[in-house]
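Protein chains get the first letters and strands the later ones, always in sequence-line order, with residue 1 at the start of each. Because the structure is a prediction, the values reported are computed rather than measured.
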Amino acid sequence: MKYNCDKIEKKWMQEWSKNNYADWKPTENAKKKKKYVLDMFPYPSGDGLHVGHVENYAATDIYSRYSRMKGFNVLHPMGWDAFGLPAENYAIKTKQHPAQVVEKNIKVFRRQIERLGLSYDWNRKINTTDPKYYKWTQWIFLQLFKHGLAYEKEAPINWCPSCKTGLANEEVVEGKCDRCGTPVERKKLKQWWLKITAYAERLLSGLDQLDWPNSIKEMQKNWIGRSEGSLIKFKLKSGDVNIGEIEVFTTRADTLFGATYLVLSPEHPIINILKNHADNAKEIDRYINEARQKSDMERMDPTKTKTGVEIKNIQAINPANNQLLPLWISDYVLVHYGTGAIMAVPAHDERDFEFAKKFGLKIIEVISPDQKEHQLNAAYTGPGYLLNSGPFNGLDSEIAQDKISLFIGAKKSVFYKMRDWVFSRQRYWGEPIPIIKCPKCGNVPLSEKDLPLTLPKVKSYEPSGTGESPLAAISSWVNVKCPKCGGPAKRETNTMPQWAGSCWYYLRYIDPKNSKQLVDPKKEKKWMPVDLYMGGAEHAVLHLLYARFWHKFLNDSGVVSTDEPFQKLINQGTILGANNEKMSKSRGNAVNPDDIVKQYGADALRLYEMFMGPLQAAKPWNTEGINGVSRFLNRIWNLFSAQIKINGGEKNNPTTAKTINQTIKKVTEDLENLDYNTAISALMECLNALTAKEGVKIKKSHLEDFLRLLAPLAPFITEELWHQMGHKTSVHKERWPKYNKKMLREKEFDLIIQINGKVRDKVKAMVDINQGEAERMALNREKIKKILTGNHPKKIIYIPNRLINIVI
RNA sequence: GCCCGGGUGGCGGAAUCGGCAUACGCGAAGGACUUAAAAUCCUUUGUUCGCAAGGACUUGUGGGUUCGAGUCCCACCCCGGGCACCA
């Protein structure tokens with residue numbers, strides 16, 4: 001009889017859900033060691049689950065099931081990250097309320113996930129749009145506000161004209177909106193910011209202790225972008241009049257004698273003062289205006305040539321040698337990094353070189369690897385020895401950095417590329433920011449007892465595009481009394497970005513129904529940190545950085561006991577279409593997991609995705625590949641059906657016993673390392689060995705061990721066969737099998753005979769023979785004798801129980 | 001340009017410590033069963049020379065270390081991902 005996967009899988013799906021998923025519930029007071037296995041929770045989109053979700057969730061499910069069988073107390077939860085732009089945009093498009101859309105989509109996701117046999121403890125499910133949940137998101141915001149880490153500031157921000165909202169730097173990819181690909185504009189808006197920069201150093205140093213992929217750690221390091229350098233002050237002169245000073249940041253104080261001009265960012269505030277002393281104020285105004293008009297895309301375009309304007313009649317004094325330097329304005333200097341001003345050393349900086357060439361500015365070589373002067377065709381940015389640097393000539397450039405800094409009294413300083421996080425969005429579908437704006441008292445935080453501040457129902461939740469949230473239109477909600485002075489005040493109408501809810505959700509799973517606290521500290525201590533966190537690599541500098549920031553803050557506030565939330569992180573590789581391109585509807589190469597489940601079953605889909613290749617690697621979908629695992633399951637079904645019919649044997653077959661023991665060893669090691677592809681290979685080899693002799697009775701315990709090994713990978717078929725073998729309890733409650741070392745010991749091995757490193761022959765030999773015996777065996781072989789005629793072995797290398805290499 | 005991965009049969013991939021390269025699966029070819037097809041089962045399957053026995057070659061390219069290299073070292077080429085005027 002053929003294996004009817006659909007019928008059997010549905011039967012067990014219902015059986016498992018019967019008692020509220022009791023089997024997957026961790027015990028709170030167990031003495032068992034804990035394991036917290038977490039998936040990046042999905043945004044429940046209208047498209048339903050895709051094969052990438054399945055890869056992610058199947059992988060952690062296998063690990064969770066395996067860990068339970070190993071005796072761990074496993075926390076494996078799931079929930080919904082349902083606020084944010086995609087839900088809102090979809091709702092607008094289909095003319096529904098975002099809450100309705102989310103509710104519908106969650107139902108679909110839940111059904112699909114259950115159909116895959118994923119062993120989540122659904123009693124702990126969370127939803128970021130549930131007021132009982134976002135009460136605590138708002139609560140964290142209030143704590144940040146009270147600690148001065150949430151502040152309001154008017155500044156030019158990234159503005160997506162299509163999504164009609166501000167964006168964080170992390171959400172801008174190549175000058176375009178991460179969501180919709182529209183080029184981002186600059187817009188000056190009053191916004192809420194989170195002071196993530198206050199944690200820059202700790203976010204950087206904390207990476208060392210994490211078991212994360214190198215690439216993600218590197219991305220975060222680069223994003224934080226720490227630079228050590230010196231702050232150098234340049235006095236300014238207009239004619240003989242002193243008119244203040246400008247401070248610049250440099251990592252190359254050793255090149256100070258090569259500075260031939262200074263450059264200010266067009267947005268630098270000092271320009272307003274300097275303009276009054278300049279001959280060409282009009283020209284300066286024109287340049288600054290042009291720069292302001294340019295989009296980020298235009299300003300950052302690496303192919304464009306540098307532009308700039310000189311502030312005429314003003315000069316800076318080089319503190320090292322009192323040389324007078326011209327002062328320029330150019331948009332290649334960024335206002336928000338360092339001091340917004342630089343000293344230009346064209347000989348040793350590519351950008352300065354290009355600028356100097358274009359505007360005919362002096363180029364003075366001060367660093368030379370061979371201590372000689374050169375005709376420079378490009379900037380030399382490497383290390384070397386100092387030239388043209390007065391008392392410092394001949395000094396190693398590394399050493400000169402400190403010496404010159406000291407000489408001119410420069411301050412050592414550290415800057416980071418990372419900027420504060422723009423935290424408000426001009427959209428409807430997000431957590432309301434719990435702040436009241438009072439004309440007398442300023443920003444007044446809502447009292448904690450007034451949380452949650454629920455998102456009001458609104459007729460039109462479409463973005464206004466004016467920089468105001470749709471919430472601003474609901475006067476009954478907006479107009480309130482100031483909690484401090486009782487006077488008329490207004491609510492903050494911006495909402496939080498989609499990342500807010502996901503910054504701390506892993507904590508809520510630990511204690512999802514607690515109405516008094518974000519999380520009970522006892523429970524938090526028990527379960528944190530997350531032992532295995534899995535999800536896509538696209539969150540490298542978004543969610544994964546934001547969550548670490550909040551976690552460190554919560555740690556400082558005493559809410560959590562650990563410094564880092566996610567100890568081990570694994571990124572599953574992207575599943576590509578059969579044509580090796582990214583899966584998408586428009587490319588026509590998308591695979592719908594529902595179709596696969598219908599045709600082959602959930603076990604087959606899970607097994608196939610795990611068998612495709614290493615978890616972390618990107619791999620193309622192969623429609624025919626799934627036949628292989630489907631056949632594998634059918635052959636298991638046939639073997640067990642036949643064995644159950646002949647009612648198993650109890651006689652021990654040493655060959656089978658060895659096969660089973662080897663498989664237990666291999667599968668255990670592979671599951672431990674999440675090498676699921678090779679674990680499945682090993683089980684296939686095992687099955688091939690078991691089915692080799694038809695009609696032979698196989699010992700019941702061997703068959704049972706095989707089912708135990710396969711159970712985490714293919715939960716449905718193993719449960720069915722386990723029960724067919726007469727068991728009344730679940731195979732998933734079984735203990736993980738152990739192998740017997742004695743059974744693995746071999747008596748014989750294949751002795752490989754090499755001549756000059758080339759395999760020429762092989763012969764069966766007893767394990768642990770010594771070199772003399774091995775040599776005798778090898779040299780006695782006819783084939784070897786033939787090759788050796790006329791040659792005398794110079795040297796013989798014997799690797800015990802492996803090979804012998806005869807060198808001639 | 002800089003930083004991280006990676007390159008192994010027709011395809012996905014395996015090779016844990018430097019020791020039989022190509023496990024496992026897909027596909028393909030031939031055969032069995034069948035009136036036939038599907039399904040299933042069996043055999044073959046890196047390239048190349050050879051009737052065969054057997055030989056030569058082969059892990060992106062070129063060099064090196066070693067008795068022995070997919071694995072280690074140097075240089076280069078290609079693919080994927082990230083960052084990109086951050087002083």
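Of the listed nucleotides (B:rA84, B:rG19, B:rU16), B:rA84 has the atom at the smallest distance from the side chain of A:W223. Of all nucleotides listed (B:rA21, B:rG13, B:rA87), B:rA21 comes nearest to the side chain of A:V759. The side chain of A:N677 approaches B:rA14 more closely than any other nucleotide in the set B:rA14, B:rC85, B:rG19. Listed nucleotides B:rA87, B:rG19, B:rC85 differ in distance to A:N805; the shortest reach to its side chain belongs to B:rG19.
Judged by closest nucleotide on RNA chain B, A:K666 is the one of A:M219 and A:K666 placed further toward the 5' end.
Comparing B:rC57 with B:rG68, their P atoms sit 15 Å apart, to the nearest whole Å. Remark: the separation of the C1' atoms in B:rU43 and B:rC33 is 16 Å, to the nearest Å. Rounded to whole Å, the separation between the C1' atoms of B:rG27 and B:rG9 comes to 12 Å. Taking atom P in both B:rA14 and B:rG6, the straight-line distance is 12 Å, to the nearest Å. Rounded to whole Å, the separation between the P atoms of B:rG7 and B:rC72 comes to 11 Å. For the P atom pair drawn from B:rU71 and B:rU58, the interatomic distance equals 13 Å after rounding to whole Å. Of the C1' atoms belonging to B:rG80 and B:rA36, the separation is 49 Å, rounded to the nearest Å. Nucleotides B:rG60 and B:rA38 have their P atoms positioned 38 Å apart, rounded to a whole Å.
For A:Y261 and A:F355, the distance between ring centers is under 6.0 angstrom.
Residues A:M418 and A:W223 form a side-chain contact, since some pair of their non-hydrogen atoms from C-beta on lies under 4.5 Å apart.
For B:rA39, the OP1/OP2 oxygens have no side-chain nitrogen or oxygen of A:N634 closer than 4.0 Å. The side chain of A:K762 contributes no N or O atom lying less than 4.0 Å from OP1 or OP2 of B:rC20.
The distance between atom NZ of A:K619 and atom P of B:rG12, rounded to the nearest whole Å, is 13 Å. Nucleotide B:rG80 holds its C1' atom 14 Å from the CD atom of A:E581, rounded to whole Å. In this structure, A:D675 atom CG and B:rA23 atom P are separated by 19 Å, rounded to whole Å. We find that CD1 of A:I808 is positioned 13 Å from P of B:rG68, with the value rounded to whole Å. Atom NZ of A:K217 is separated from atom P of B:rG5 by 12 Å (rounded to the nearest Å). Atom CD of A:Q754 and atom P of B:rG19 are 11 Å apart (whole Å). Rounded to a whole Å, the NZ atom of A:K582 is 20 Å from the P atom of B:rC79.
Nucleic acid contact class of A:P614 (heavy atoms, under 4.0 Å, all strands): sugar-phosphate only.
Within a 6.0 Å radius of NZ in A:K582, other residues, nucleotides and ligands contribute 12 heavy atoms or fewer. Heavy atoms of other residues, nucleotides or ligands lying less than 6.0 angstrom from NZ of A:K411 number 12 at most. More than 12 heavy atoms of other residues, nucleotides or ligands shown are found within 6.0 angstrom of NZ on A:K217. Within 6.0 Å of atom CD in A:E748, more than 12 heavy atoms from other residues, nucleotides or ligands are found, so the atom counts as buried in its surroundings. Crowding of A:K412 atom NZ: a count of heavy atoms from other residues, nucleotides or ligands under 6.0 Å exceeding 12. Taking a 6.0 Å sphere around CZ of A:R587, one finds it holds more than 12 heavy atoms contributed by other residues, nucleotides or ligands.
Remark: the A:T307 side chain and the A:Y287 side chain contain an N/O donor-acceptor pair separated by less than 3.5 Å. A donor atom on one side chain and an acceptor atom on the other are found under 3.5 Å apart for A:H336 and A:R419.
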Give each protein N/O atom lying under 3.5 Å from an N/O atom of nucleotides 55-58 of chain B, with the pair distance.
{"residue": "B:rA56", "atom": "OP2", "partner": "A:R760", "partner atom": "NH1", "Å": "3.4"}
{"residue": "B:rC57", "atom": "OP2", "partner": "A:K758", "partner atom": "NZ", "Å": "3.4"}

Hey, what are the protein-to-nucleotides 24-27 of chain B N/O distances that come in under 3.5 Å?
{"residue": "B:rG25", "atom": "OP1", "partner": "A:N688", "partner atom": "ND2", "Å": "3.2"}
{"residue": "B:rC26", "atom": "OP1", "partner": "A:R631", "partner atom": "NH1", "Å": "2.5"}
{"residue": "B:rG27", "atom": "OP2", "partner": "A:R631", "partner atom": "NH1", "Å": "3.3"}

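A salt bridge is absent between A:R186 and A:E267; no separation between the charged side-chain nitrogens and carboxylate oxygens falls under 4.0 Å.
Remark: the A:N222 side chain and the B:rC83 base include no donor-acceptor N/O pair separated by less than 3.5 Å. If you check distances only, the side chain of A:K221 never reaches the base of B:rC3 with a donor-acceptor pair under 3.5 Å.
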